[in-house]
Amino acid sequence: MRKGWILLIFLMLSGAGLSAAQDKTVKVTVLRGGTVIDGTGASPLADAAVVIEGETIQALGPLKTVKTPQGARVIDVSGKWVLPGFVDCHAHITMAPEFLQEWSISDSLAVLKALHFLDSYLRCGITSVRDAGGRIEALQALEAAAGMGWTETIRVFACGQMLTATGGHGYGIEAGRGCDGPWEWRKAVREMYRDGFRHIKISPTYTREEVEAAVDEAKTLGMRVTAHGGGLSDTTPTSMTRLAVQAGVPCIEHLNEMEDDVLDLIAGKGVFLVPTLSIYREMYRRNGIARTLVEDRHWTQAMHETLFKKARARGITMGIGTDAVHSYGSLNPGLYFEELKYFVELGAAPMEAIICATRNGASILGQKKRLGTIEPGKTADLQVLRGDPLRSFDALGKPDIVIVGGRVHRFE
Amino acid sequence: MPKKTIIILMGLLFALAYLPAQEKKDEAAVTALVGGTLIDGTGAAPLPNATILIEGERIKETGPAGKVKIPKNARRIDVSKKWVLPGFIDLHTHFTYGPLAEQDSLFPDCLATLRALCFMDMYLRSGVTTTRDVGGRVEPLNALASASAQGFVDTIRTFGCGDLITVTGGHGSGLRSSKEFDGPWEWRKAVRLAFRDGFRHIKLSPTYTMEEVRAAADEARILGMRTTVHGGGLSDTTPTSMTRLAVQAGIQCIEHVNEMEDDVLDLMAEKGVHLVPTLSVYREQYRRNEIPPSLIEERGWTLAMHETLFKKAKARGITLGIGTDVIFHYSGMYPKVYFEEMQYFVDLGMSRMEAIVCATRSGAIVLGVEKLLGTVESGKLADLQVITGDPLVSFDALGQPEIVIVGGRIHDHKKAS
């Protein structure tokens, strides 16, 4: 069934679809006069021009040196700030609004909820999201509908179901898949590939053989792997993150219970880290951290914060992830910006936090050649802000304009 | 999946789905459309320089500029040199079908849901604010209603019929959004199933016997559901006698106009049965040479047959509504086909005002919601559109409204573009 309809969609993609009312006459758009913060960490460029041709950034530079092509649509953004679209490395867009609804919500309702989430991100300037575990059919439908032009929203880089052991973290809901033994883990990776996904999310528990099998298969298939680094459930032994890093997983989600030598290893191997600090803070606030973690394993918010500082001191590349699911879903989309502010509270410079949200996000998604910064040749995912984000992050989350792959969305 | 749970949930939500307006508290409580010419959908003469007050999801008051007092804190929208009309109603859509007839059953529900939303948003941009879905997939229709109630989507209203009800091998058989039933008790149960699934409208599809259609009509009456029936024609499995049976059995509305004897039309007029001709999709089928050969060769179908029947129905004063029924490889005709149907009514002898009434008040009457929708009158739900040309002079301005309001929610398409 699943396979059948993937083929069907493939056929349809090559045919004519209902296309969203797209203005095909305008090929070149120029954003003139704004201050560009390009996501590389370079100093802001005032009085800049950004030339977008089709879906690609064609030129960036001072107004005087960049020529505006004839017939271009010129958008005056003077007095405003132009940034890359932000990247959320950790969301679960197809999960139900409440945990108990995971077993009653239909895929059809899940896609509508997901689309609502994506559109709310679009309005906030977040133009890419990695779905770190979700419903297969729903994620496929979102991808297919975007391909057909039936929806027009932000980019989703989906992992499909999160892979875990029988009874592991994420097991038992549609968004998770239990597998036991290295060959089942290898097969599970192949299934995600077959179902159209190019990212893999693994979730504890697992043995070394299992995680190594998954990592090896993902490498063969050219897929990117990330691992749940424990903590949202008490099923996660502290040794899991170490295993994952040793096995070659290039990214760790969440930041908790990591020994210093694991952090050293993460730094040494260039493994990425998505701390998701803000959702933890909210869970502590709501008393939603599992009791055993607090009572037996002595979790506190300070533990996460200390680990963040240690990771930062080691120069580990970090990204912004939210992970607000189920009853925490109402925190979206604002939680994303809380996370940026949190990074700054814990010592990051505003520019550094912006890099986490842009260039680092793209690196984590394996998209650094295409996304994450405003540079000629890259895909035009941009946002135009009314205030200087280096002065205050209050300017974030309410852009006047958001551009995704050259498509201009105006919200002013 | 525990279907019962979902259904109970849906049932609760469905009650809300009729009035899905999500009031934003920060919006001004009262909105005033000022300076426009109001064509209110009742057929009354246009009212120049009208004031329309909208409070929450409803129309509070309408009248000439001097006579309507605008509250101080009201949000004023200047629509001078523009025309204000009720949102239009499409009585015949199948937005949850797959894109291809042959593989409809392979097309997943969640993708059908997104496709349906695409059509609904397209209609929202075009000024069509309500559709009746006369045969659609249960899960997507329920998901759309539920998502609307929960604020995940912000689009037009849908009155769904759920699955088409037909007999084994009947019209629509094989589609994911049809179910086959045989015998009066199964037909009665079919109606109950649709009710259970949250639907308040029923679509029947030939063939059926008098016992079967009567059982369905009776059960729908008990449950307070409205009924409509496919009046033959899109498939050669429909004997001409079917429409007569349906009208005799007490079905409230006929879809499509074809192969009707004069006495059936008389009976429809007498019983107040409504008619949704869907002429434009027939015209396109003739153009594309896709009317089944047997209908043309053996039953002598021509486009003129439909047109003549339309004129006869109009002459008898039968309530006519606008329905499109553009599906599968005809889907590219959306949204224009809606306005082509209105123009077609005019081409066949209606005044433009009459065609506008078909698209508005008559649509609401067919849906059984004339107290809530269809006209711009105080107390009704605020489903409106603002267009830039006089629709009594030409329909060219239809389909590209500057503003569309659904249940008081304002969609400013001028700003968005």
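Numbers restart at 1 for each chain; the letters A, B, ... are given by sequence-line order, proteins then strands. Predicted, not measured: the structure shown is a model, and the values here were computed from it.
Around atom CZ of B:R283, more than 12 heavy atoms belonging to other residues, nucleotides or ligands sit under 6.0 Å away. Remark: A:R190 CZ is packed, more than 12 non-hydrogen atoms of other residues, nucleotides or ligands lying under 6.0 Å away. Around atom NZ of A:K398, more than 12 heavy atoms belonging to other residues, nucleotides or ligands sit under 6.0 Å away.
Here the shortest heavy-atom pairing between A:V111 and B:C110 reads CG2-O, 3.5 Å. Here the closest heavy-atom approach between residue B:P99 and residue A:W150 is recorded as CG-CH2, 3.9 Å. Residues A:A141 and B:L111 share a closest heavy-atom pair of O-CD1, 3.3 Å. Of all heavy-atom pairs spanning A:L109 and B:S146, the tightest one is CD2-OG, 3.5 Å.
Both the backbone and the side chain of A:L112 come within less than 4.5 Å of a heavy atom in chain B.
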Step by step, work out the side-chain contact (heavy atoms from CB on, under 4.5 Å) result for A:D107 and B:D109. CA-CA 8 Å; A:D107 280 337; B:D109 278 349; over 6 Å; no
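Between the OG atom of A:S106 and the CG atom of B:N142 there is a distance of 8.0 Å, given to the nearest 0.5 Å. One finds the OG1 atom of B:T113 at 11.0 Å from the CG atom of A:L115 (value rounded to the nearest 0.5 Å).
In this structure, A:H116 and B:F152 have tilted ring planes: the angle between them lies in the 30° to 60° band.
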